[in-house]
Amino acid sequence: MPFPRASQALSRFTVLDLTRVRSGPTCVRQLADWGANVIKIDALLEDGGGEQPGGPRHGSDFQNLHRNKRAMTLNLKDPKGLEVFKRLAAKADVVVENFRPDVKAKLGIDYESLRQVNPRLVYGSISGFGQDGPYHKRPGFDQIAQGMGGLMSVTGAPGQGPMRVGIPVADLTAGLFCALGILTALLERDVSGEGQWVQTSLLQAQIFMLDFQASRWLMEKEVAKQAGNNHPTSIPTGVFKTSDGYINIATTGGRIWERCAQAIGAPELITNPDYATAPARSKNRDALNEAIGKLTEKKSTEAWVKELNEAGVPCGPIYSIDQMFEDAQVKHLGIAQHVPNDENRHIQLVSQPVTLSRTPSRMAARPPEFGEQTEEVLAEFGFARDEIAELRQRKVV
């Protein structure tokens, strides 16, 4: 049966989704949102019950992670279930999983096993710490990766101890990097005709995201410290109190600093020897921030955003999430999208942050119910009606 595609960009690819919780579903969401034929494999137990890690199926988190997919049930611990999965993998383009490295080998669905039935298969794996090495069997969680990856040591105010970032950044970036690796492997397959194993981990993704702080240590042996809301190099850049809230102001380079000083009504700061040069502003950062803050407290956030932008000084309000979605530019970008569904449920989710001119992404289908399209999917993969009935009787699907 035809089903709505989110885009035509990846519509020629079929993806088997074995992922759970967040990092894996984040990866597969990228493929589903660009139109791949994604089949979520819902774990079925021997007694016919199901596992649903990752929160309530109708909860906002699950809905946001699993839109634009179909779902079937399968008991991978049953030998017949493994046989079914291998028949699916033989025709699929991609398999994505985020089990602990030893789990997939025990189930018989590891890359080496599946490439025997489909040498063109691209197999994506996300783990906590890597597929091998001294920590590879450890369970991985976002906050653990934030700590081990160095992020918590540079987040938060100086002297207040390590602080986690407010979003699951290791989970999310590991998922995005895995999706990027899968797309790269699919492009390479067009040349070689062969699939390959794409691997990433929460720890690797988190270290990569340190970016310039990591390179400063590798090249210059400089250990970055916590700086709170202050930018480590562009000064003054940070959070400043207004009469009714807070504002971000960012100055990069001497000319923008001069425009900032003029706009806030303090031209004397430009010639003050304590702030006249970038090294001086860095050395006297706290005093400069205090001087700016005394002035920004005199007007509202809205007034400062208008005046500073008119002066060519980068700035912006600091929104709560509800305020953010009410912003005129956010509404214009249309990143909050409604998901069509026959049940007339209110489903509004975060859309892709990338647009393509000819093959855009859209919210085409609500997340599937548990095993909702099992028979439909099996039939598409060549299973006969009596085979499907037998699989149901044996509680394999």
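Computed from heavy atoms alone, side chains included, the values below leave out hydrogens, waters and symmetry copies.
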Handout entry: Distance under 6.0 Å and angle within 45° of ring axis: R57 vs F370
Key =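 Negative - R57 is either too far from the ring of F370 or too far off its axis.
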Handout entry: Cation-aromatic face contact K221/W217, 6.0 Å, 45 degrees
Key =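 Yes - K221 lies over the ring of W217, closer than 6.0 Å to its centre and within 45° of its axis.
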Handout entry: Candidate pair E97 and Y123, rule side chain to side chain contact (heavy atoms under 4.5 Å, CB included), full reasoning
Key = CA-CA 8 Å; E97 59 83 23; Y123 189 104; 3.4 Å; yes
Any [X] side-chain heavy atom under 4.5 Å of [Y] side chain:
{"X": "I182", "Y": "C178", "result": "yes"}
{"X": "C315", "Y": "N309", "result": "yes"}
{"X": "F383", "Y": "E375", "result": "no"}
{"X": "N64", "Y": "R67", "result": "yes"}
{"X": "T252", "Y": "S234", "result": "yes"}
{"X": "L349", "Y": "Q337", "result": "no"}
{"X": "T374", "Y": "I388", "result": "no"}
{"X": "D244", "Y": "E302", "result": "no"}

Minimum heavy-atom distance between [X] and [Y], given as atom pair plus value:
{"X": "A179", "Y": "Q30", "value": "CB-CB, 3.8 Å"}
{"X": "I256", "Y": "T251", "value": "CG2-CA, 3.8 Å"}
{"X": "N118", "Y": "A92", "value": "ND2-O, 2.8 Å"}
{"X": "S113", "Y": "G108", "value": "CB-O, 3.6 Å"}
{"X": "A89", "Y": "L114", "value": "CB-CD2, 4.2 Å"}
{"X": "S201", "Y": "G130", "value": "CB-N, 3.5 Å"}

Practice task
Describe, in one word, how the ring planes of H346 and H338 are oriented to each other, choosing from parallel (under 30°), tilted (30 to 60°) and perpendicular (over 60°).
Solution key: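 It falls in the perpendicular class, over 60°.
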Would you call [X] and [Y] a salt bridge, taking side-chain N to carboxylate O under 4.0 Å as the test?
{"X": "E83", "Y": "K86", "result": "no"}
{"X": "E343", "Y": "R366", "result": "yes"}
{"X": "K331", "Y": "E326", "result": "yes"}

Exercise for the section: Evaluate the salt bridge (Lys or Arg N to Asp or Glu O under 4.0 Å) criterion for residues E307 and K299: first the C-alpha distance (whole Å), next the side-chain angles of each, then the deciding distance (0.1 Å), finally the verdict. Expected result: CA-CA 10 Å; E307 292 180 24; K299 295 182 182 179; 2.9 Å; yes
Main-chain N/O of [Y] paired with [X] side-chain donor or acceptor, under 3.5 Å:
{"X": "R22", "Y": "D171", "value": "no"}
{"X": "R70", "Y": "I39", "value": "no"}
{"X": "N68", "Y": "A365", "value": "yes"}
{"X": "D42", "Y": "G371", "value": "yes"}
{"X": "S282", "Y": "P279", "value": "no"}
{"X": "R362", "Y": "S351", "value": "no"}
{"X": "K91", "Y": "F381", "value": "yes"}
{"X": "T237", "Y": "A250", "value": "no"}
{"X": "S7", "Y": "T359", "value": "yes"}
{"X": "D33", "Y": "Q352", "value": "no"}

If you measure from [atom1] on [X] to [atom2] on [Y], what distance do you get to the nearest 0.5 Å?
{"X": "I235", "Y": "W257", "atom1": "CD1", "atom2": "CH2", "answer": "11.5 Å"}
{"X": "M324", "Y": "I318", "atom1": "CE", "atom2": "CD1", "answer": "14.0 Å"}
{"X": "L295", "Y": "I264", "atom1": "CG", "atom2": "CD1", "answer": "5.0 Å"}
{"X": "F13", "Y": "N37", "atom1": "CZ", "atom2": "CG", "answer": "12.0 Å"}
{"X": "Q262", "Y": "E268", "atom1": "CD", "atom2": "CD", "answer": "9.5 Å"}
{"X": "L107", "Y": "D102", "atom1": "CG", "atom2": "CG", "answer": "10.0 Å"}

Flag yes if more than 12 heavy atoms outside [X] fall under 6.0 Å of its [atom1] atom; otherwise flag no.
{"X": "M209", "atom1": "CE", "value": "no"}
{"X": "K241", "atom1": "NZ", "value": "yes"}
{"X": "Q393", "atom1": "CD", "value": "no"}
{"X": "M148", "atom1": "CE", "value": "yes"}
{"X": "R345", "atom1": "CZ", "value": "yes"}

Exercise for the section: Assess the side chains of Q213 and E222: does a donor N or O sit below 3.5 Å from an acceptor N or O? Expected result: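 E222 and Q213 do not have a side-chain donor-acceptor pair below 3.5 Å.
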Problem - No-hydrogen, no-angle side-chain donor-acceptor test under 3.5 Å, S125 and W197 - result: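 S125 vs W197: donor-acceptor pair found between side chains.
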State plainly whether one hydrophobic cluster holds both [X] and [Y], where clusters connect Ile, Leu, Val, Met, Phe, Trp and Tyr through side-chain heavy atoms under 4.5 angstrom apart.
{"X": "L16", "Y": "V198", "result": "no"}
{"X": "I207", "Y": "Y135", "result": "yes"}
{"X": "L308", "Y": "L269", "result": "yes"}
{"X": "V95", "Y": "L74", "result": "yes"}
{"X": "L183", "Y": "V38", "result": "yes"}

Problem - Where at least one partner belongs to residues 137-150, residue pairs that pass side chain to side chain donor-acceptor pair (under 3.5 Å), sequence neighbours excluded - result: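 Listed once each, the pairs are D142-Q146, Q143-R164.
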Practice task
Using the salt bridge (Lys or Arg N to Asp or Glu O under 4.0 Å) rule, take E112 and R115 through it: C-alpha gap first, then chi angles, then the decisive distance, then the call.
Solution key: CA-CA 5 Å; E112 288 301 324; R115 72 188 292 258; 3.6 Å; yes
Exercise for the section: Could you walk me through whether I144 and L203 pass the side chain to side chain contact (heavy atoms under 4.5 Å, CB included) test, one step at a time? Expected result: CA-CA 9 Å; I144 307 301; L203 184 59; over 6 Å; no
Handout entry: Criterion side chain to side chain contact (heavy atoms under 4.5 Å, CB included) on V94 and T14, from CA distance to verdict
Key = CA-CA 6 Å; V94 178; T14 294; over 6 Å; no
Practice task
Go through T19 and I126 one step at a time and tell me if the side chain to side chain contact (heavy atoms under 4.5 Å, CB included) criterion holds.
Solution key: CA-CA 9 Å; T19 67; I126 305 173; over 6 Å; no
